[in-house]
Amino acid sequence: MPVNYYIFLSLILFSIGIAGVLTRRNAIIVFMCIELMLNAVNLLLVAFSKMHHVAALAIDPASTVGTEAQLFVFFIMVVAAAEVTVGLAIIVMMYRNIHSVDINFLNRLKH
Amino acid sequence: MARPVRFNINTKSTADWGINQASMPEGHMGEGFFATSFDKVVGLARKNSIWPLPFATSCCGIEFMATMASTYDLGRFGAERLGFTPRQCDLLMVMGTIAKKMGPVVRQVYLQMAEPRWVIAVGACASSGGIFDSYSVLQGIDQVVPVDVYVPGCPPRPEAIIDGVLRIQDLIHNEPLRRRNGPQYKALMDSYGIE
Amino acid sequence: MPLTNEIVQSRLTEKFGDILTGWEEPYGMLTFAAAREHNLKVLNFLYDEDDLAFRFLTDLTAVHYPDRAGEELCVVYHLHNLVANLRIRLKVYAPVSQPDVYTATGLFSAANWMERETYDFYGVNFVGHPNLKRVLNVDEMDYFPMRKEFPLEDQTRIDKDDEMFGRG
Amino acid sequence: MQLLSTDISLILEKFSIIVIVVLALLGIALYTTFAERKVAGIMQDRYGPNRAGPFGLLQPLADGIKLFFKEELIPLASNRILFILGPFIAMFTALITGAVVPWGSQLEIFDRTVSLTIAKPDIGILYVFAVVSIGVFGMMIGGWASNNKFSLLAAIRGASQVISYELAMGLSIIALLFVTGTMNLGEIVTQQMAGGLGGLLGWNIFMQPLGFLIFLVCVFAECNRTPFDLPEAESELNMGYHQEYSSLKLGFFLFSEYINMIVSSAVMATLFFGGYDIPFVDETALSAAWGNNIVAILGILMLLSKIVFFLFLFMWVRWTIPRFRYDQLMDLGWRKMIPLALANMLITGVVTLWLNS
Amino acid sequence: MSITQILFWFLSALSILSALMMVTSRNPVHSVLWLILVFFAISGHYILMNAQFLAIVNMIVYAGAIMVLFLFVIMLMNMNAETEPQKNKWLKMAGAIGSGTLLLVLVAALRDSELRGRTLEGPEGTIGLVKQLGAVLFTDYVVPFEISSVLFLSAMVGAVLIGKKD
Amino acid sequence: MSDHNHIKLPEGSIGKTTTTLNLGPTHPATHGVFQNILELDGERIVKAEATVGYIHRAFEKIAERRPLYQITTLTDRLNYCSSPINNMGWHLTVEKMLGIKTPKRVDYLRVIVMELARITDHLICTSIVGVDAGAFTGFLYVMQYRELVYEIYEEICGARLTTNMGRVGGFERNFSAAAWEKLERFLKEYPKAQKELEALLVRNRIFYERTRGTGAISAERALNYGFTGPNLRATGVDYDVRVHEPYSSYEDFEFQIPVGTTGDNHDRFIVRTEEIWQSLSIIEQAYRKIQSFKGAEAEVYHADVPEYYLPAKEDVYTKMEALIWHFKIVMGETDIPPAEVYQAVEGGNGELGYYLISDGGRSPYRLHFRRPCFIYYQAYEEIVKGSMLSDAVITMSSLNLIAGEMDA
Amino acid sequence: MQPLTNRVKVLEPKPLNLMERLYLPNILKGMMITFRHIFQKKATIQYPEQKRPFSSVFRGLHVLNRDEEGRERCTACGLCAVACPAEAITMEAAERKKGEEHLYREEKYAARYEINMLRCIFCGLCEEACPKDAIYLSETFAPANFTRKSFIYGKPDLLIPDPKEAPDDFARAKGQIEERKENTRKNLTA
């Protein structure tokens, strides 16, 4: 499987995420789109990790090249989980105060 | 005052199937052996798995508790899974006085039940209003929903309630699968203005 | 000194004089009537005075006397002094044409539903009641069923076969 | 691509095991519903269902047929697709959990050694976790799609309960993993078979009694069994999340609950009670005497009897104690179980390090 | 076409389709469910690349925890298609065009990159297994790991503080 | 973005973070029939509104059309968990009005029956609290003994629940040997079941924490709300009609009034369980007292009031005078004085009052029942405010709301 | 509030002790109780097969009495209908004609006597009101049925079997037949 396929797949997913962020006004959906983008990046990272690993294996059968990338994905997930807890807490807070999850209302934060 | 006899041996038989058992006309049946025995199997299954919805409002509800409890154990008939949600139940057991304020609720509950559904009116109040022939009491729930079996008594003792459930079992056992699509059943529903 | 009917009566007459009438003691319970404008004052007095301290509203209901012109509706309060263990009964008469009586909900929370019930049954209008609407009957009901002129049986009944029920 | 490089006979073999396991799960679940009613009956001085067939044995069939022929009601106000999806997810996730449980050692059929585990990934326990965490969606979606406030409340209760207790469950498992050093359920069983008294003393329950207790409580919570049956508390929420369901979809929900019970009993037996290990018996000696297949079958029966014991425990507890209130449940989960599990983990870690050094 | 390829194409199509549906459905609950499907598809990809641990963690963390949280919040707010705020049609169009353009640019930039032709197939690797990842994580990356746990703790405290009423 | 000022919020989304939950009328927790409209914030109740009247049966109106003896059948159906107390209360009211003095043995028989009824009432209430908390089994253990009580009733009067027991002046027949035998059996066997129920619930932490501190009401508020009976006693006020205004020779018995301290669900629960024990002791005392009667006194089961108590059947068949009385009593043509009586008895739920106005006619001019349930259910809105949904359910059952009594 | 009586028994709230706070001991205690009940005798009466004898004063279905010669005792005085709180009894009186002395005991008799069992509350007031030894309640409970009209019990349903014409039925109604069967079975086995 050429690695390009994975690149294009994650590009598409990433772009869909961006499109969602741009087109939707519901804060929760926007948030979910961000998660989608993170996942697209994760996918790409794993693909590259695998790619390097395959390349390295050809030279050294005991190679562990590529482990770091997967760990990086792991950390991304950790950060994403943390981000989601805080983000959702903020959204809930916002809903409590203005009874809406419309991001345009966040403009009110200006005042 | 010693009683002359202990039992009334003339208790009415339940042989005369009532208007509620609207069966298909003979010509329409045309089902082979398989279909009828299939009917029987389904009837047997349904009969042994009646999930009642106790719509218990007053005294009869207390006797229903006794019926459910260890001494009489309605669970023996596979009917101990009470559901208070009409969607899951097969048998609406209306026990106790239904006031006019309550009438629409009974009807609503009946409407929410999934076919096939049966109704049993337990006790004098639910069946006919009993002693409460007053401005506020519905004189029998058959004014709002069709009733399959009436259980007299005020309140009926647990044996009588079980007897009512047995009558319902008879009814279910003999009911053809197609009955609920038949014109007679539709007419019955129409007479109550249901769908 | 234990509280007795006589003490209560003397304290009340001392305070209210002629406003209170109809003193009786049927079966040992002190009974008296007050004009309907004064029911709250009497109740307040009975509640507040430390030696009387009728602070428990046992019951509140009404009676309909269609023959007594001008005082067809009679609201009856049963009060109880739990410490002295003494019950008294207060009656307030109101004409059926304008059945306004002051509410006792300010004094007794228990009076809330009892007054609603009384309103439901007799149409007694408790002035100042926070939520005076029917409690037992359906809201749509347009008469007060416990008044003597209204029949007991449901008039709209269709399945009633008098012959069947011994009324033939 | 290791997972996929397989030959046809292996696929057939796996497929047949899957079919057998699924059917067995369904069958056992069918009779677990019956057993629940019977156990309730005898604990309450009554008989329980005894009319359908001899001793009421056909009762579950009757229930099944009845549910099958009941009208499918989908409330008008509900979300149709999700309403159907809910019970499906619940049933599906309940069934696929059984994939990694070692149901027995191995059988020798037609010169093939057939492993009685459907899949043996290295991450067996994590897989169970993943599936369990997905399982909650069935309840949530079903409850939400019913468009009924009771269902919604139940769904929210259920979701928060499952999430909360997953943490403590995970922590208690981590402590167990310190002991075993592997996440492969098959290996965990094999490890436990070595030990005194024919493997009995090798059972992890003796290493991790507190961990087992925490795990047990969490399993009760995850399966929504009394005292954690808040999502379907009939006296409060009126059957809870599945109250708008009728017919087969209701059956799916009820069934998935029982299948969950069975699978979690199996997981408990595997993790802490030696799985298909037969206590007081040395399996290798026995298989030399009687042949492998017989011992394997005995092992399966052993596992089944362990499962039956746990199922009985589930019912026994259910018919004995009252249920928690929502805040008490959360309190127990977050303020008692998690610290306890953490402490257990720390102690286990320290002890393991000390023993290894 | 080998079974791997079939699976790849299937999972890719599934993930793209689900992502699109996620962005376009009006009902937030549907969006959540579609996103879960995306995550499943991505987990499938991970398994294809023999990253077992990440696959399962992706499922537990994203599908099992994060999405449950999302669903939970949506249920708490009792959101549905009717309460969904709508954006201006033109703005939507602009957003779609913008992201499409970005995709075009990125694809154009990467399609001739020198990675072309390098494949993922070859001898099996073990880096995706728990043992390998754990060994590296708890030796070389133990400090980031601890830091991330502190991050977690602070996020938790923060969430509790924010969510607490007054 | 300059257009954010005219963005409209979705309709109805502002100002409402609570959900309205309609508990009842067919909700399992509302054992009888009443409706609670709860405003919930999450699971916490911010506002409750109780609606009753779903089985309003117009007792008081019916009573105005029925001769006195037929009203017994109505009182049966007031608090159907303890019908005999209602029956006896009604007979006591009529006897008070007519000035009938009942013999001691009749009083003691009545005490036995009333205390049995109190036990069944409390037994249902306490075990139903368990059921609502999720523990079903204890309920079934004690229900077997309620069945035994019903068998005793059946031996005495021929019916189980709506007993229609007793007549003005006494009982319709003497207690049979079978009844005494069953009573002995009940006294012997019941304590075990009661202990089991308590062992299953009282000190179980889950149950303790679910009931302790929930659904509490202070003594002042309870009095203001007109609480009586176990619910008042749970708040610490030892008001008991049996002691304050002894009727039916309750002054002859030694018993204590259990009171709680905080008036919460747990207090209500343990006050009721303790009252069951007290009732058992009262029954035993009464039983001993009855056994101590000798000779003709030991067979007395009604007062000697030929004007109001139906003559023996043998006399009716044979003697003209008895036949005339028989006709008069059945037709309701005996002399009844114009009167105004209030008689209270300690019902299962509290002070059950009968306010009877007679104008000398065949039926009461006005009969009002002071129904304790109806009076204290209005406090429910206040009690559950701020508690959880589950507490609301337990509070409802621990208050022992009987719809029949409430709606009359 | 001060105590109102001298019989107070204050139930002091006892906080849970450590053992009780641990949940498990009490749960185990409860589980032992339920476990013990598994082996106890079941309290269930399996109704259609097993029947619990009702008390001899049980108020079930009504019967209309006959005298020893099989004549109906009812004289249609209407007291039972008056006494009935549910208004469930309907009757029509008729004069006894010549030649009917063997049918009716008194000069007047009930030509129609109907009880609506759905209305009836089995309070027993009719039995008590009867001055002629004519109506009694029996130990048979009223059976359930499908239609409303099947609950109107007329005279044929209420009258007890004629002791002269149908002595077997009469014995059955008196509950003696079962006993006899029991006895014969006992004899056979003995």
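In what follows, chains are A, B, ... by sequence order, proteins preceding strands, each numbered from 1.
Side chains of W277(F) and Q256(F): a donor-acceptor N/O pair is absent below 3.5 angstrom, by distance only. Remark: the D264(F) side chain and the T214(F) side chain contain no N/O donor-acceptor pair separated by less than 3.5 Å.
Taken to the nearest 0.5 Å, the SG atom of C130(G) stands 9.0 Å off from the NZ atom of K132(G). Between S363(F) atom OG and I62(F) atom CD1 the span is 12.5 Å, to the nearest 0.5 Å.
With a 4.5 angstrom heavy-atom cutoff, E155(F) touches chain G via backbone and side-chain atoms both. Of the two parts of H266(F), neither the backbone nor the side chain holds a non-hydrogen atom closer than 4.5 Å to a non-hydrogen atom of chain G. Within the 4.5 angstrom heavy-atom criterion, only backbone atoms of T162(F) (N, CA, C, O) approach chain G. Contacts between S176(F) and chain G at a heavy-atom distance below 4.5 Å are absent for every atom of the residue. Only the side chain of L323(F) has a heavy atom closer than 4.5 Å to any heavy atom of chain G. Within the 4.5 angstrom heavy-atom criterion, only side-chain atoms of A43(G), from C-beta onward, approach chain F. The contact between E274(F) and chain G is made entirely by side chain atoms (from C-beta outward), counting heavy-atom distances below 4.5 Å. At a 4.5 Å heavy-atom cutoff, the contact between R203(F) and chain G is made by backbone and side-chain atoms alike. For chain G, no part of R233(F) is nearby; none of its heavy atoms comes within less than 4.5 Å. Heavy atoms closer than 4.5 Å to chain G are found in both the backbone and the side chain of I206(F). For Q278(F), the part lying under 4.5 angstrom from a heavy atom of chain G is the side chain only.
A centroid separation of 6.0 Å or more is found between the aromatic rings of Y145(F) and Y141(F). Taking the six-membered ring wherever Trp is involved, the centroid distance between the rings of Y239(F) and H244(F) falls below 6.0 Å. For F58(G) and F141(G), the ring centers are positioned 6.0 Å apart or more.
A ring-ring contact (aromatic ring centres under 6.0 Å, His included) with H302(F) is found for exactly one of F171(F), Y308(F), Y309(F), namely Y309(F).
Ranked by heavy-atom pairs under 4.5 Å with chain F, the list V57(G), V8(G), N26(G), N17(G) is led by V57(G). In terms of heavy-atom pairs under 4.5 Å with chain G, the best-connected choice from T163(F), I329(F), T235(F), L201(F) is T163(F). When the candidates E196(F), R160(F), Q144(F) are compared by the number of heavy-atom contacts under 4.5 Å with chain G, E196(F) comes out ahead. When V316(F), T262(F), I156(F), T73(F) are compared by the number of non-hydrogen pairs under 4.5 Å with chain G, T73(F) comes out ahead. Put simply, of K29(G), M31(G), R52(G), the one with the most heavy-atom pairs under 4.5 Å next to chain F is R52(G). Highest contact tally toward chain F, considering only S56(G), P13(G), G124(G), is held by P13(G) [criterion: heavy-atom pairs under 4.5 Å]. If you tally non-hydrogen atom pairs under 4.5 Å between each of V82(G), L16(G), N6(G), T34(G) and chain F, the highest count goes to L16(G).
When side chains are defined from C-beta on, I135(G) does not count as touching V63(G), because their heavy atoms never get closer than 4.5 Å. Contact check for Y317(F) versus P131(G): no side-chain heavy atoms found under the 4.5 Å cut-off.
Although no hydrogens or angles enter the test, the distance criterion places no donor-acceptor pair under 3.5 Å between the side chain of D267(F) and the main chain of G260(F).
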Using salt bridge (charged side-chain N to carboxylate O under 4.0 Å, His left out), reason through R167(F) and E128(G) one step at a time and then give a plain yes or no. CA-CA 11 Å; R167(F) 296 288 170 263; E128(G) 230 164 73; 2.5 Å; yes

Would S150(G) and T147(G) satisfy side chain to side chain contact (heavy atoms under 4.5 Å, CB included), going step by step from the backbone distance to the final call? CA-CA 6 Å; S150(G) 55; T147(G) 51; 3.2 Å; yes

Take R205(F) and E20(G) through the test salt bridge (charged side-chain N to carboxylate O under 4.0 Å, His left out) and record every step on the way to the result. CA-CA 6 Å; R205(F) 184 170 175 196; E20(G) 287 163 344; over 6 Å; no

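Seen from the ring of F255(F), R7(G) counts as a face-on cation partner, given the 6.0 Å and 45° thresholds.
Of residues 95-107 of chain G, not one residue has a non-hydrogen atom less than 4.5 Å from any non-hydrogen atom of chain F.
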